[in-house]
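One structure is given here, and the rest of the page talks about it.
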Number of protein chains: 2
Amino acid sequence: MIEVARLADVGTMTVSRVLNSSVHVSAETARRVHEAIERLGYRPNEMARGLRGAKSKSIGLIVPSLTDPFFAICAHNVNAVAQSKGYSTIITTSNENPDTEFSEAEWMLQKHVEGLVLCPSVGRNSRFSDKIFQRIPIISFDRPLQGSRFSSVVVDNHVGAKLGTQHLIEHGHKRILFLGDRPDLFTIRTRHQGYRRALLDAGLKTGECLDCDSEDLVFKYVKTALAGKNPPTAFFSGNNRISRYLFRALRNLGVRVPTDIATVGFDDFDMADMMQPPLTVIRQPVEALGKTAAEALFNQFKAKAEDWPAKGSRITLKVELVLRSSCGCTQDAPKVIKP
Amino acid sequence: MIEVARLADVGTMTVSRVLNSSVHVSAETARRVHEAIERLGYRPNEMARGLRGAKSKSIGLIVPSLTDPFFAICAHNVNAVAQSKGYSTIITTSNENPDTEFSEAEWMLQKHVEGLVLCPSVGRNSRFSDKIFQRIPIISFDRPLQGSRFSSVVVDNHVGAKLGTQHLIEHGHKRILFLGDRPDLFTIRTRHQGYRRALLDAGLKTGECLDCDSEDLVFKYVKTALAGKNPPTAFFSGNNRISRYLFRALRNLGVRVPTDIATVGFDDFDMADMMQPPLTVIRQPVEALGKTAAEALFNQFKAKAEDWPAKGSRITLKVELVLRSSCGCTQDAPKVIKP
DNA sequence: CTGAAAGCGCTAACAG
DNA sequence: CTGTTAGCGCTTTCAG
């Protein structure tokens, strides 16, 4: 920077001002500075900028995994927003481990990210109330964060699951089972409640939220359930991973869908429409989830820390039922039902 | 830091030394420092550290998109390696736009990332030879980077495509068409060459690499090809996106696979085994691609800049043919063929 | 409109 | 083993 100043025959402050266009600089001087920058290929050191001004121009993003297309798409959209605002995204995965999540979050704070977007793992995430996390805005998505300070963006899990279950009931099903991977997850828990509500309202018997976190467990559980007396006639799967496991299990068991067993799953996924039969699902706005969360973060940047609401807000995005064939419907084009 | 030093009744240097365990500090002093750190909840400012020592403890990662599961999985594995080394990952997407890619890379350099892992977009990426990029290690994956300085990790595209095409030929197909999204992409181009090689070796006629970047184009192209005189009896699709588009097109056109048309695609994807019929694919080691690239980067960190090889190396990962049914094979379990 | 001085938080280099 | 000094590259503040 000193070299640029020397070459343009100005002070370093003038260079800084040209770079930040903070105060007006005479056109001629500005031109000389720009030329010098060009000639020297000078680029400001963001670390030094950050150190001085406490603005790192970066946000942190924590997701359980990028292997799951759901989170990958969310991450894509969070980054897209950050990019459009001239921010960089420091990303990391927690693998659903709250300890990893917490230490990664701390590490991001040390890097002075200006804000955090995360999909919190289940567990003691009350630690985010620590003093150090008071200084920056934090937005959670998909699952809310304990501690009311934080805003979150979620989808209408209860309504969606209820809608899907009701549809199964309309098809005449009376014994419907709910498959979830982790009953302690906010999303799964809320969807299970929606499922229960629908069944209860119809005067039917509800099932527990089955804890089948691996493909093997889904297989075993489904097999056991079907072999029992009074077997279910339909399954509701709690997320796209379980839906895929369920599809495999049913196929490998030689069960015909929807003739023998009908299914509805929460969360659409690529090629769900191309399965045999095409899968009926509750579609959630995955792109909007990431986008909205990031936008909420940048909105909070505008306000001063002392103006932050003591209670975080919650934004709930709408879902819809996409009728294909696994539920028992027969039609050429999928039909979309909004709650 | 000064506060910690004061509380522990030592100098700031001692605090620094305890933090970095660089020089030996007496056990008693260290204990007092740790206690002070604990009491004050002190965390070092990584920006200041970086400014002083030029070590940002972060790497940059540029992928075309996180919407594509292929890149998402690569990104996941790059980050996993970085995390294990105590580094953070600054991620960004280029959307296959070389200008975005370049400006994002420059931006990362200003942030003083210590290295860069990227899947380069097609275009004038010779700009990475700029002086500013000389100072840090850069590894590309999936596609090599112009300019021999850079190392890259790729898969055996030629061998894989040849193997898949040969398999189709063994099934008796004589008119096989190649579907790619962007013929200028290294991967697509090389796979097309492998396809040609197989056909040429068998004395059969080869087709151009069709440039169908959208689902619509795949549909139109397939429809046109099938309606022509002397229609193809098989398709080879250049990547998982095209494979999915092709599957949809064939289904919507009412074409039976593999009876009317056989297919083989490059790159396996989730649920490819659950399609009707299950898809025969060339499987590439996606996880290893990201992992290997990141590891290569960290290896280069160990060497001094002047020891970097003038010519980058190229690591080629093996692929395999996974025989399911879309090629015309009939078997219960998929069969894996290594070249 | 422009420049000089001071200092952000840390650590390399040198003393003690 | 521990403290002092200086300075990384920038911007805020205060003078011209």
field: Positional range of nucleotides in DNA chain D within the contact set of chain B, heavy-atom, under 4.0 Å
entry: D/dC1 to D/dG9
- prompt: Within a strict 4.5 Å, meaning less than it, do heavy atoms of the A/L289 and A/V153 side chains meet?
  reply: yes
- prompt: Do NZ/NE/NH1/NH2 and the carboxylate oxygens of A/R143 and A/E96 come within less than 4.0 Å?
  reply: yes
message: Between A/D9 and A/A5 (side chain of the first, backbone of the second, donor and acceptor by atom type, cut-off under 3.5 Å), is there such a pair?
response: no
task: State, without any angle test, whether A/K111 and B/S88 hold a side-chain donor-acceptor pair at a distance under 3.5 Å.
output: yes
message: Pairing donors with acceptors under 3.5 angstrom, does anything connect the side chains of B/T100 and B/S94?
response: no
task: Using only side-chain N and O atoms of A/T14, determine if any of them is under 4.0 Å from OP1 or OP2 of C/dG3.
output: yes
message: C/dT2, OP1 or OP2 - any side-chain N/O from A/S26 closer than 4.0 Å?
response: yes
- request: Step through the shown structure and confirm whether more than 12 heavy atoms of other residues, nucleotides or ligands are within 6.0 Å of CD on A/E3.
  value: no
statement: Output for pair (B/H76 NE2, A/I91 CD1), nearest 0.5 Å, gives 10.5 Å
- request: Any chance you could list the contact pattern along nucleotides 6-11 of chain C? Use B for base contacts, S for sugar-phosphate-only contacts and - for none, protein heavy atoms under 4.0 Å, 5' to 3'.
  value: BBBBBB
Under the ring pair (Phe, Tyr, Trp, His ring centres under 6.0 Å) test, residues paired with B/F298 that sit two or more places apart: B/Y87, B/F301
